[in-house]
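Here's the structure, in structure tokens; my notes come after.
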Amino acid sequence: LDVPSIRCDVTIIQAPSVTQDDVLQAVPGHDALFLANHVNVNSYFLDRIVGSSLKVISTMSAGYDYLDVPEIKRRGIRVGHTPMVLSSAVAEIAVLLALATARRAHEGRLKIEQGQWEVRNQFLLGYELRGSTVGIIGLGNIGQTIVKRLKGFEVARFLYTGHSRKKAGDELGADFVSLDDLLTQSDFVIIAAPLTNETRGMFNESTFNKMKSTSILVNVARGQIVKTDDLIKALKSNKIFAAGLDVMDPEPLPADHELLKLPNAVIIPHLGSATLRTRSDMSLTAAQNILNGLEGKPLVYEL
Ligand SMILES: O=C(O)[C@H](O)CO
């Protein structure tokens, strides 16, 4: 941290799962808000803190879909987030999910537990990244880092889709294509795009119908980009081969959820940035956003 010229008193909200109401109760008398969890800051929230001295908010996340940024700024509050510092950790989780799904890790474990380990050479054959076509939905910093990490696996072709062709895509040797082309050609489809009105529900029955029956879906972005019921149908009917999800809808996923019963779904509980190093970098970045905001300087990552 840059040494601040101001002294801050900090109130930490202690709760197992911090709610919007917990935060609302704590805000009066504070100039800044450090959001360590995904708590909605929307009109409802902002209407209830009228007259408070809140000047700056920082999330401790790259995604900020749970903030109404225009509304926050309209009320004269500055707002920041923590992209970049987590790209490597999230990209590693994407690689983990691509490999675990392709090589049927969860299904294999289930077979062992069910006493169905077959000793024959065609048992649980999977797919390889080597020679495959990998499609990235959203070639932002995380998407680019995923491509860099996957290059060592001898992927044949990288495709990406988004708003426009990117210089970074050219530098990485990735081809900018339409969503339909990406869906029909990719062996691995990796979602690394933010949740917006455009991406919400982007993966649904019609999307799955366009994907190869041997393809794998990996989601390290936001659960609501994929329609869960449609994904379950696609996995059960083998419309696609498997899915690896770090994020899902809903979160937390109930322990008895249908997704957890599927052998071809590898599910982990939103751990993309959950390493000691990355969470430490994220918290320092969020703290620096706040100190800069309080001192009237540009935030490290301002929205
Ligand atoms: O958006 C992010 O940074 C991750 O989902 C962690 O919150």
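Keep in mind it's a predicted model, so treat the numbers as computed, not measured. Counting starts at 1 for both ligands and their atoms, following the listed order. Counting begins at 1 with the first residue of the sequence.
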Sorted by chain and number, the residues that approach ligand 1 to under 4.0 Å with a heavy atom: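 Correct list: His38, Ser61, Ala62, Gly63, Leu86, Arg222, His270, Ser273.
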
Locate the shortest heavy-atom distance separating Asn292 from Pro298; write the atom from each residue and the value.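 Answer, listing the atom of Asn292 first, then Pro298: ND2-O, 3.0 Å.
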
For Glu107, what residues pass the salt bridge (Lys or Arg N to Asp or Glu O under 4.0 Å) criterion, not counting sequence neighbours?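 Arg104.
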
Between Asp249 and Arg222, is there a side-chain N and carboxylate O pair less than 4.0 Å apart?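 Here Asp249 does not pair with Arg222 in a salt bridge, since their nearest N and O are not under 4.0 Å apart.
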
Would you say CZ of Arg103 has more than 12 non-hydrogen atoms from neighbouring residues, nucleotides or ligands within 6.0 angstrom?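 Not more than 12 within 6.0 Å, no.
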
Qualifying ring pair (Phe, Tyr, Trp, His ring centres under 6.0 Å) pairs with a residue from residues 52-99, counting only residues at least two apart or across chains: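 Those involving residues 52-99 are His38-Tyr66, Tyr64-His81.
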
Scan residues 147-169 for pairs that pass ring pair (Phe, Tyr, Trp, His ring centres under 6.0 Å), counting only residues two or more places apart or in two chains.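 Every pair satisfying ring pair (Phe, Tyr, Trp, His ring centres under 6.0 Å) with a residue in residues 147-169: Tyr160-Phe176.
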
